[in-house]
Each structure stands twice: as structure tokens, then as C-alpha cells.
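Worksheet: the structure to be examined is printed underneath.
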Amino acid sequence: ARHTWGRIRTAMAYRKSFFILFVPRTGSTWLKSLCESTGRLGSPAEHFEPNRLEQLRRMGRFTDIKTLIDRRYDKLAENPVFSFKITIGQMSATFGGGRGFMERFGPMPCVFLTRRDLVLRAVSAYRKRHTKVGHSFTPHREQSEATAREIDYDATAIKRLVVKGAEVERKMDTFVNKFSLPVVWLSYEGLSQEPAVALNKICKLIYEPPVEELTDPNTVEMMRNDKSYELAERFRSEHPHLIAKIEEERRPILEKLDA
């Protein structure tokens, strides 16, 4: 039988669920892989990414978003934990914004994921636009990194991405506060340093027993190279006042990360 919104929300109230609300280029793909590796935190993929949904619609898989969510819910219901990841932009495009999202899912526990270093996040996004590679998969790692080293410095483009990242963070913060969601605040840096700690914070959020032993699937290698740090440091040296202003505005969010 097909679910109605009310039935989905009622069912979710009696089963474990969460979603990852993330700023792009902050480690969400790695976090998804880590969650999957536990076998107890679902598969938090971008199940409601608008371009993917449009492809499914063109294939005749569904005619409206409600039907798709019904089907996705049924498919994912085989896993004891229902989870997915989504950006604030995808939430707006797919559900019409935070209120539409809440009407469909209710007060689902949220994992807020961002990066403390917004300049390096911006450089990562800038690099991806030029290399067309988001993560390095062997055997193409050396080729990907070689391409990344050839990227030219564009202060205007990086500035735009820094400002955009801070704007996305503010919108995410406004959303979780407006609807008083139960939240775990994670950073890319904290996830990188202590992935098991991050996973167990999610476990605690949904009342799941802690992960005793972490098995890193190692399916995603984070793209890091000296060129990224070089571009980031150059931008920082040229725009100290902008960065200081943004960091002061971000302070309330930064204080909550990895607490």
C-alpha cells in the first residue's frame, strides 16, 4: 500500500532516522561511506537531489515528488535506519523549502555538516569546477592531482565561493533553529581527525548503540595537495578583513561544531 504523508511521518516516529544537512565540499560523501560501513546507520545518499529526480521522471519512474518519496521510503524501509543527505538548495528545489520538507518528514534528527575552514572549502569547490573531479579514486589519483596543480589563481571566483559557503551555513542554521530539530554539529576537520567519534555522536542522536570498532571502507580518498593550501593562503593574505568579518559572523556556528 502506498504511504500518505501522515503515514510516513507516523511510521518514522517509531523507527530510527536522520538526515545530513551539509555544505557542499565538506566530506559528506565520506561520512555517507562511514555510515554505510557500520551496517547500522542506513545509507545517507542524496536520494532527493533534483537533477536525479528529474532523470527518474523522464524515465517514467514517477510523476510527482510524493509518489517518489513513497517509493523511496518503501525501498529504504528494509534498512532499520532511514537516512539521507541533502543541501539547503536541494531542499528548496525538491520540497519548496524548509516548511515543505518538514511537512513531509517532521522533526527528523539532523546532522549539520560544514567545514571550519571556509577558504579551503571554497578552494576545493573551485578546484572541482576546473578538474571535474570531486574525489580521487584510484587509479586516477595521480592524474587528478596533476590536473589540480595546473589550476590558476582566481581571487574573484574564490571570494564568491567563500561568501556563498557562509551564506549556505546561515541558511542551514536558520532552518534547524526555526524548527527546533535535534542536531549533531559536525565539521570536516573533526570528522577527519576522529571519524569514530563523529559516528558515535550520530548513534547517540538516534538512540543507537555506539560503534565498537570502525571499519573505514576507504572507497573515497580526499583530494589534498599543496596547490590547494597555496591558493588558500594567498587568498587569506589578500583578503584578511573579509575573512575576519565572516569568521565573526560564523562564531555561533563554530562554537557548536564538534562539541
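Residue numbers start at 1 and run along the sequence shown. Note that the structure is a prediction, hence the values are computed from the model and not measured.
At least one side-chain heavy atom of Ile151 sits under 4.5 Å from a side-chain heavy atom of Tyr126. You'll find the side chain of Met108 reaches within 4.5 Å of the side chain of Phe84, heavy atoms only. Between Leu161 and Val123, every side-chain heavy-atom pair lies at or beyond the 4.5 Å cut-off. Taking 4.5 Å as the limit, every side-chain heavy atom of Ser228 sits out of range of all side-chain heavy atoms of Glu230. Side chains of Leu41 and Ser83 form no contact here, defined as non-hydrogen atoms less than 4.5 Å apart. At least one side-chain heavy atom of Cys110 sits less than 4.5 Å from a side-chain heavy atom of Phe19.
In this structure, the separation between CG on Leu113 and OG1 on Thr26 is 3.5 Å, given to the nearest 0.5 Å. Between Ile158 atom CD1 and Asp154 atom CG the span is 7.0 Å, to the nearest 0.5 Å. Atoms CD and CG, on Gln193 and Asp258 in that order, are 8.0 Å from each other to the nearest 0.5 Å. A distance of 13.5 Å separates OH of Tyr188 from CG of Leu118, quoted to the nearest 0.5 Å.
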Criterion side chain to side chain contact (heavy atoms under 4.5 Å, CB included) on Ile206 and Ser17, from CA distance to verdict: CA-CA 7 Å; Ile206 63 171; Ser17 62; over 6 Å; no

Verdict with supporting geometry, Thr94 and Ile86, side chain to side chain contact (heavy atoms under 4.5 Å, CB included): CA-CA 10 Å; Thr94 301; Ile86 193 168; 5.5 Å; no

Step-by-step side chain to side chain contact (heavy atoms under 4.5 Å, CB included) determination, Arg25 to Lys128: CA-CA 9 Å; Arg25 313 301 302 159; Lys128 181 183 177 182; 3.8 Å; yes

Check against side chain to side chain contact (heavy atoms under 4.5 Å, CB included), Arg236 and Ile243: CA-CA 7 Å; Arg236 270 189 263 268; Ile243 294 172; 3.3 Å; yes

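The minimum heavy-atom distance between Leu186 and Val111, with the atom names listed, is CD1-CG1, 3.7 Å. Of all heavy-atom pairs spanning Tyr153 and His239, the tightest one is OH-CE1, 4.4 Å. Smallest separation of non-hydrogen atoms from Leu257 and Ser187: CD1-CB, 4.0 Å. Glu46 approaches Gln90 most closely through the heavy-atom pair OE1-NE2, 2.6 Å.
Residues passing the salt bridge (charged side-chain N to carboxylate O under 4.0 Å, His left out) test with Glu248, sequence neighbours excluded: Arg251. Scanning for salt bridge (charged side-chain N to carboxylate O under 4.0 Å, His left out) contacts around Arg234 gives Glu238, with sequence neighbours left out. Under the salt bridge (charged side-chain N to carboxylate O under 4.0 Å, His left out) criterion, Arg99 pairs with no residue, sequence neighbours left out.
Evaluation of the side-chain hydrogen bond (donor to acceptor under 3.5 Å, both in side chains) test over residues 199-208, restricted to residues two or more places apart or in two chains, returns Lys16-Glu208, Arg40-Glu208. Applying the salt bridge (Lys or Arg N to Asp or Glu O under 4.0 Å) test to pairs two or more places apart or on separate chains, those with a residue in residues 188-200 are Arg115-Glu189.
Judged purely by atom type and a 3.5 angstrom limit, Ser33 uses its side chain to pair as donor or acceptor with the backbone of Thr29. Not one N or O on the side chain of Ser124 forms a donor-acceptor pair closer than 3.5 Å with the backbone of Leu120.
The aromatic ring centroids of Phe105 and Phe48 lie less than 6.0 Å from each other.
Of the residues listed (Glu247, His241, Glu249), the one engaging Lys245 in a side chain to side chain donor-acceptor pair (under 3.5 Å) is Glu249, and it is the only one.
By the 6.0 Å contact criterion, NZ on Lys256 is enclosed, its count of non-hydrogen atoms from other residues, nucleotides or ligands being greater than 12.
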Distance-only check: which donor-acceptor pairs under 3.5 Å involve side-chain atoms of residues 175-185, not counting sequence neighbours?
residue	atom	partner	partner atom	Å
Asn177	ND2	Asp173	O	3.0
Asn177	ND2	Asp173	OD1	3.2
Asn177	ND2	Asp173	OD2	3.4

